[in-house]
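Notes follow once the structure below has been shown.
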Amino acid sequence: MTTDCGAPIWILILGIIFPTGLSNEHFFITNSISEGLLPSCGALRKQYEEDERLSFAPFPPDISGQWISERCEIRPGPEFIARKYEFYKNHTFKMIQFFYGDPNCVLPLYSLVAHGSFDPIGPSWVTPGGLEIDFTLFNVKATPYTNDVAEELFYRINRTCPDIVQKRHWKPHHQYLIYSYDDDEHDESSNLTDYDCLHGIHAVFNEIQLIRIIKRPGRIISFSPISKFNMKSYLYLGDIHPVPEGRFSYRPTSYQEPLISVDTAIHCHTCAKIIRSSVHNPPHLHPRSSVSVALKNDWISRGCEVLSYGTFLKRHYTFETPELRVRKRKRLTSTWRAEINYFSDPSCLHPIYSTNLQGTYAVGRESSVQGFQNMEIITTSTILTPQDASIVANLNGHSGDVCGKQGSWILSGSQELAKTSGCMGLGIFLPRREKSLIKTEKDSRDFGLLYLGVSQVLSDETRNNKPTSIHPPLVNCKKDDIDGNEISPLSYSMPLNSCSKFPTSTISFTFFVVVHLIVNH
């Protein structure tokens with residue numbers, strides 16, 4: 001008796017009795033190329049909603065402890081960075097930032113270590129759910145890791161603080177003080193001179209001015225109704241101004257990628273490397289998978305996202321590309337659609353309005369932001385649906401037809417905005433041509449991720465500007481016949497009659513191991 005794949009059933013049974021050593025992760029990697037193994041968007045969304053239901057945000061948050069990056073992060077600039085922060089019960093902190101020359105954080109350039117103190121102020125009025133904080137920097141030290149970087153840092157710091165650096169040339173793996181502030185004015189024994197050379201390298205630590213902690217499930221096996229999880233703690237710190245020159249006067253209104261608490265950072269190889277690191281032993285992270293994912297498909301947010309000034313949202317994008325045989329006959333453009341839902345709260349439980357957008361896009365050459373490609377997006381249609389009474393009142397308060405037909409808005413009633421060239425009150429302009437960035441990759445569980453840059457509207461003033469800020473990643477999924485009607489979780493156990501979902505290499509390797517065990521017994 002055999003399966004449809006031509007393999008005897010006893011081979012499959014023995015493969016379970018005598019494990020082959022192939023991990024679940026390996027199995028996923030060899031099979032997830034098939035679209036049939038993609039999680040359905042409905043299943044994925046329900047899983048994330050369940051995780052959000054189990055999540056909570058303690059307030060006021062206790063940030064004492066050590067917090068680290070889960071992955072190589074991309075900040076505006078672009079800057080490739082890994083962070084290792086520690087906050088103490090006495091309201092002092094130590095913040096280490098490792099900067100890299102590549103988007104995988106393999107090649108460390110230099111690090112900054114900052115010491116200081118912080119004092120909570122109270123709830124943020126701009127970003128609901130966040131806690132605002134005042135802080136004081138005591139000192140900041142820089143450590144270069146190569147001769148070229150040491151020379152560059154010396155040049156830039158010397159240009160900012162010539163009286164401090166003077167003619168001393170910097171060396172790799174040596175620490176150099178670039179910021180000093182004596183907070184104890186009555187300490188006569190202190191002979192430190194206050195100075196600030198941070199502007200030379202656009203170094204800021206004002207991310208600590210806005211914080212939020214979220215405890216949410218960290219699933220060991222995702223998208224399964226029997227999956228186990230442990231609660232993980234994440235620290236969200238304020239965002240960085242997209243223009244380096246604007247960083248020093250900027251007060252955060254959004255968040256960066258979260259840091260994870262060391263106490264809950266399990267099953268994370270990157271975390272282990274960062275935990276063991278120091279300024280004299282920077283972490284060399286593993287390169288991410290270079291396997292790109294086809295853009296054609298659906299992509300959704302992993303949870304509630306936040307943009308500047310307390311804008312909370314969830315995104316669902318669909319990209320379509322004409323098939324090659326069609327494109328050979330006539331020139332066709334690639335199209336995209338998006339559903340973006342906006343909310344009034346950081347848990348995305350109270351919707352205020354939604355937009356359905358569509359248009360065309362074109363992916364261009366490699367971007368100056370390493371690992372990304374340039375992208376041009378044209379939006380030709382936007383349908384707006386208000387879901388909150390205050391939004392309806394605001395829309396109807398506009399004089400003239402500048403946002404749909406004047407006075408015609410009703411709750412849950414949709415209107416196409418193309419006839420009024422957008423909606424001035426919500427900052428929507430049509431048609432709109434933007435330049436952005438794009439990158440696809442696979443995470444450690446072999447799920448497709450899509451990174452889109454924060455778009456900039458093309459105009460004569462912004463034509464030479466290059467976007468360097470990146471939105472949180474979207475996750476690849478397949479559209480349901482009836483979206484969200486039924487959860488069809490991915491499972492690591494495959495049906496015996498499924499040839500396409502059971503790799504021949506796994507069957508062959510199982511057979512080899514079984515024979516080897518029998519011979520040696």
Side-chain angles (χ1 to χ4, degrees), residues 47-75 81-88 93-98 105 118 120 123-124 127-133 205 207-220 222 227-240 252-275 283 285 301-307 310 312-314 343 345-349 443-445 447 449 451 470-475:
Q47 181 67 81
Y48 290 149
E49 289 174 353
E50 174 67 10
D51 288 349
E52 288 178 359
R53 187 184 66 81
L54 297 172
S55 302
F56 62 97
F59 197 93
D62 179 11
I63 65 173
S64 59
Q66 196 173 73
W67 306 83
I68 56 174
S69 301
E70 278 192 297
R71 58 188 290 133
C72 186
E73 301 169 3
I74 303 176
R75 299 208 306 193
I81 185 176
R83 295 176 288 163
K84 182 180 182 181
Y85 294 173
E86 189 159 9
F87 300 92
Y88 304 98
F93 63 80
K94 177 183 178 181
M95 303 166 68
I96 305 178
Q97 299 177 347
F98 299 97
C105 290
F118 65 94
S124 171
T127 309
L131 176 68
E132 292 193 351
I133 283 181
F205 299 90
E207 59 194 274
I208 196 178
Q209 291 178 305
L210 180 65
I211 68 170
R212 176 177 167 85
I213 286 180
I214 296 181
K215 297 179 183 289
R216 64 169 178 256
R219 296 183 181 270
I220 299 174
S222 295
S227 64
K228 297 180 180 180
F229 62 82
N230 63 296
M231 295 301 288
K232 293 190 175 185
S233 297
Y234 291 93
L235 172 63
Y236 289 79
L237 294 170
D239 62 328
I240 303 298
T253 62
S254 181
Y255 300 104
Q256 300 179 68
E257 284 194 47
L259 302 177
I260 187 171
S261 169
V262 166
D263 297 332
T264 62
I266 61 175
H267 308 294
C268 175
H269 298 297
T270 296
C271 302
K273 284 180 172 288
I274 297 176
I275 290 172
L285 306 186
S301 299
R302 292 192 290 190
C304 191
E305 301 173 353
V306 57
L307 297 182
F312 305 102
L313 70 157
K314 290 183 178 180
F343 302 82
D345 64 298
S347 298
C348 288
L349 297 177
D443 64 11
S444 59
R445 294 170 301 172
F447 286 105
L449 299 179
Y451 294 85
I470 309 299
H471 283 298
L474 301 171
V475 182

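This chain uses plain numbering: 1 for the first residue, then up along the sequence.
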Closest approach of I275 to K84 (non-hydrogen atoms, all atoms of both residues): O-NZ, 3.0 Å
Is there a side-chain contact between L237 and W67 (heavy atoms, below 4.5 Å)? no
Which is it for Y85 and Q97 under the side-chain contact (heavy atoms from CB on, under 4.5 Å) test, yes or no, and what are the steps along the way? CA-CA 8 Å; Y85 294 173; Q97 299 177 347; 2.9 Å; yes
For the atom pair CD1 (I214) and NZ (K232), what is the distance rounded to the nearest 0.5 Å? 15.0 Å
Is any side-chain heavy atom of Y255 closer than 4.5 Å to a side-chain heavy atom of D239? no
side-chain contact (heavy atoms from CB on, under 4.5 Å) for L210 and T253? Distances and angles first, verdict last. CA-CA 7 Å; L210 180 65; T253 62; 5.6 Å; no
Gap between atom OG1 of T270 and atom CZ of R71 - 0.5 Å precision: 8.5 Å
Look up atom CG in L285 and atom CZ in F98, then write down how far apart they are to the nearest 0.5 Å. 9.5 Å
Parallel, tilted or perpendicular: which one describes the rings of F87 and F93, with boundaries at 30° and 60°? tilted
So how far is it from K314 NZ to C304 SG, rounded to the nearest 0.5 Å? 6.5 Å
How long is the gap from CZ on R75 to CD1 on I470, to the nearest 0.5 Å? 13.5 Å
Under a 4.5 Å cut-off applied to non-hydrogen side-chain atoms, are L474 and L449 in contact? no
Compare every heavy atom of Y236 with every heavy atom of Q256, then report the nearest pair and how far apart it is. O-CD2, 3.9 Å
Smallest heavy-atom separation, P128 atom then P346 atom, equals O-CG, 3.5 Å
R302 and P472, any side-chain heavy atoms less than 4.5 Å apart: no
For the pair S124 (side chain) and E132 (backbone), establish whether a donor and an acceptor sit closer than 3.5 Å, ignoring hydrogens and angles. no
How far does OH of Y234 sit from CD of E70, to the nearest 0.5 angstrom? 4.0 Å
With side chains defined as the heavy atoms from C-beta onward, is the minimum distance between S301 and Y48 less than 4.5 Å? no
Quick one: closest heavy-atom pair of F312 and C348, and the distance? CB-SG, 4.2 Å
Between E86 and I96, is any pair of side-chain heavy atoms under 4.5 Å apart? no
Taking all non-hydrogen atoms of both residues, which atom of S347 and which atom of E52 are closest, and how far apart? O-OE1, 3.8 Å
With a 4.5 Å heavy-atom cut-off, do I213 and D62 have their side chains touching? no
S69 side chain to R83 backbone, donor-acceptor under 3.5 Å: yes
Counting only pairs under 3.5 Å, give me each side-chain donor-acceptor contact of residues 257-265, with atom names and distances, residues two or more places apart or in other chains.
| from | atom 1 | to | atom 2 | distance (Å) |
| --- | --- | --- | --- | --- |
| S261 | OG | D263 | N | 3.2 |
| T264 | OG1 | S233 | N | 3.2 |
| T264 | OG1 | S261 | O | 3.3 |

How far apart are the closest heavy atoms of P120 and I133, and which atoms are they? CA-CG1, 3.9 Å
Checking side-chain contact (heavy atoms from CB on, under 4.5 Å) for the pair H471/L307: CA distance, chi angles, key distance, verdict? CA-CA 9 Å; H471 283 298; L307 297 182; 3.8 Å; yes
